[in-house]
Amino acid sequence: MRIVDARVIVTCPGRNFVTLKLVTDAGLTGVGDATLNGRELAVAAYLGEHVAPVLRGRDPARIEDTWQLLYQGAYWRRGPVTMSAIAAVDTALWDLKGKVAGLPVYQLLGGRSRDGVTVYGHAAGETVDEALTDVARLVDAGYRAVRVQTAVPGLSNTYGVSADARTYEPAGSVPETTWSTPRYLTHVPSVLAKVRAEFGPELRLLHDVHHRLTPIEAAGLGRALEPYGLTWLEDPVPAELPEGFRLIRRHTTTPLAVGEVFNSIWDCRQLITEQLIDYVRTSVVHAGGITHLRRIFDLAALYHVRSGSHGATDLSPVCLAAALHVDLSIPNFGLQEYMPHTAETDAVFPHTYSYADGYLHPSEEPGLGVDIDEELAARYPYRPAALPVNRLEDGTVHSW
Ligand code: EZ4
Ligand code: CO
């Protein structure tokens, strides 16, 4: 079998997505997500200009060899653009292999290690009372784990909060947000205290700092949150400096989750091997596809680190489908992030994964069980939308 076409499809059914569709001479197709929020066209160009010409004529059965060819063969390694492009190819090749074998991808990865994929939902509110109502909505829908974010008094446009948490979409919403670490640190422990008091000890609670603190500030927050038993505190500091996590670890037992912006095993290596984190949040689309993500999770398993894959709505249904096959099969699964896509997005990406009672279940169809409706996709042309820039109250640029 040979690859005869590699189509790069950019569509905006409510938000931008980049999808790679591989076509073989046997008439089979495979899909992969290549969406990089706010930088979509860079990946589309990388795929269209530099990757698609290499793929035409190749044997789609050679997944590992194709991965190595695109990674080692490019000379310029890693980075979000390159790794998202490689991810799309790898995901599409796994989809094709499943279709050739007549098996869902999780069967090719070793089969089921659990009955379903436990997901966490997003609850948010301008006020603590609104957030409590939003947590109740998710609990009523069966969620066993909830991430809680609220606005910070005195700041406008806090990360994770919008009028309707179900459609939270930071790209293109506002050009700038404002940040104050003192205001945040004063407020957030009282939020988690109220949520824990209201919902009791069993609900798993998570909170995302979104890379905004220094290690000693994060250590203090982790310690302040210990009474509320978080499942994880996410991205407490920017993770370019993995050694910084040693300082956090010295002071708190609040579990840490990091990795949504990581692209390769090299980004996670020190955090994992020094046991500085508890969950690694790398995703199929941003960390080199199913092949490379499984390599990261295998390394993590040696060091008691579990998976907690990123799953915001800027990761397309193709990525979510692929993530579920990985999640179901690996031994060290932790949690999967889940924000339902809009109806428009779901229509462009027909899929058969399903949610029930706090779990997602991947498709039993051969391959990933997800496709892209190219005619419908063409009705939603690309719309430029960037993520916000974050500034301190005195105007200094800060991590968003
Ligand atoms: O801000 O996916 O945990 N989830 C997150 C996300 C990220 C977006 C960036 O594109 O932090 O909401
Ligand atoms: Co996050």
Side-chain angles (χ1 to χ4, degrees), residues 120 124 128 131 145-155 158-161 177-197 201 203-262 266-282 299-300 303-308 310 334-335 337 390-394 396-400:
Y120 70 92
V128 182
V146 177
R147 188 191 86 165
V148 185
Q149 310 292 133
T150 64
V152 176
L155 298 182
T158 313
Y159 166 77
V161 182
T177 54
T178 313
W179 181 252
S180 158
T181 295
R183 289 184 199 275
Y184 170 75
L185 290 179
T186 304
H187 182 62
V188 80
S190 69
V191 176
L192 274 307
K194 284 181 188 148
V195 177
R196 183 54 84 202
L203 183 64
R204 300 178 72 182
L205 297 177
L206 301 78
H207 177 71
D208 192 349
V209 182
H210 221 262
H211 328 270
R212 287 160 190 214
L213 301 178
T214 64
I216 200 66
E217 290 163 352
L221 178 61
R223 187 180 276 188
L225 294 176
E226 279 171 24
Y228 316 119
L230 292 197
T231 291
W232 80 47
L233 185 66
E234 180 170 327
D235 289 330
V237 300
E240 287 98 329
L241 182 75
E243 297 92 317
F245 284 77
R246 293 179 188 150
L247 184 53
I248 307 175
R249 277 300 214 210
R250 233 173 266 152
H251 297 285
T252 180
T253 56
T254 292
L256 304 175
V258 176
E260 66 181 49
V261 300
F262 287 175
W266 306 104
D267 298 332
C268 330
R269 183 187 59 87
Q270 189 175 358
L271 291 176
I272 291 172
T273 61
E274 287 192 30
Q275 295 175 274
L276 297 174
I277 57 172
D278 302 281
Y279 296 88
V280 60
R281 301 199 64 253
T282 39
L299 177 70
Y303 295 92
H304 301 286
V305 175
R306 285 178 282 182
S307 74
H310 189 205
L335 278 176
E337 184 179 22
N390 201 22
R391 288 184 189 275
L392 303 181
E393 289 166 293
D394 71 357
T396 306
V397 172
H398 195 72
S399 298
W400 175 71

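These numbers were taken from a predicted model, which means no experiment stands behind them. Just so you know, residue 1 is the first one in the sequence shown, and it goes up from there.
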Hey, mind stepping through Thr214 and Thr181 against side chain to side chain contact (heavy atoms under 4.5 Å, CB included) and telling me if it holds?
CA-CA 10 Å; Thr214 64; Thr181 295; over 6 Å; no
Rounded distance (nearest 0.5 Å) linking atom [atom1] of [X] with atom [atom2] of [Y]:
X	Y	atom1	atom2	value
Phe262	Asp267	CZ	CG	5.5 Å
Gln270	Ile277	CD	CD1	11.0 Å
His210	Tyr159	NE2	OH	4.0 Å
Thr396	Trp179	OG1	CH2	14.5 Å
Leu276	Cys268	CG	SG	12.5 Å

For the student: nearest non-hydrogen atoms of [X] and [Y], plus distance:
X	Y	answer
Pro236	Leu256	CG-CD2, 4.2 Å
Thr158	Ala151	OG1-CA, 3.4 Å
Gly160	Ala124	O-CB, 3.3 Å
Tyr279	Ser307	CD2-O, 3.7 Å

Set of side chain to side chain donor-acceptor pair (under 3.5 Å) partners for [X], sequence neighbours left out:
X	value
His187	Thr150
Glu260	Arg281
Thr186	none

Hey, can you pull the donor-acceptor pairs under 3.5 Å for the side chains in residues 218-229, sequence neighbours left out?
{"unit_1": "Arg223", "atom_1": "NE", "unit_2": "His251", "atom_2": "O", "d": "3.3"}
{"unit_1": "Glu226", "atom_1": "OE2", "unit_2": "Thr252", "atom_2": "OG1", "d": "2.7"}
{"unit_1": "Glu226", "atom_1": "OE2", "unit_2": "Thr253", "atom_2": "N", "d": "3.0"}

Once salt bridge (charged side-chain N to carboxylate O under 4.0 Å, His left out) is applied, do any residues pair with Asp235, and if so which ones, sequence neighbours excluded?
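With neighbours one apart ignored, the set is empty.
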Just by distance, do the side chain of Ser180 and the backbone of Arg183 share a donor-acceptor pair under 3.5 Å?
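Yes, because the side chain of Ser180 sits within donor-acceptor range (under 3.5 Å) of the backbone of Arg183.
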Donor-acceptor pair, side chain of Arg196 and main chain of Leu203, under 3.5 angstrom:
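At least one qualifying donor-acceptor pair exists.
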I'd like to know whether His207 forms a side chain to side chain contact (heavy atoms under 4.5 Å, CB included) with Glu234, so could you lay out the CA-CA distance, the side-chain angles of the two residues, the decisive distance to 0.1 Å, and finally the verdict.
CA-CA 6 Å; His207 177 71; Glu234 180 170 327; over 6 Å; no
With sequence neighbours excluded, give me every side-chain hydrogen bond (donor to acceptor under 3.5 Å, both in side chains) pair touching residues 240-249.
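Listed by first then second residue: Arg246-Glu274, Arg249-Asp278.
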Non-neighbouring partners of His211 that pass ring-ring contact (aromatic ring centres under 6.0 Å, His included), sequence neighbours left out:
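Once residues adjacent in sequence are excluded, His211 has no partner under the ring-ring contact (aromatic ring centres under 6.0 Å, His included) criterion.
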Sequence neighbours excluded, which residues qualify as side-chain contact (heavy atoms from CB on, under 4.5 Å) partners of [X]?
X	result
Ala145	Tyr120, Arg204, Leu206, Leu335
Ala300	Ile272, Val280, Val305, Asn332
Thr178	Leu155, Ser156, Glu393
Arg269	Trp266, Thr273

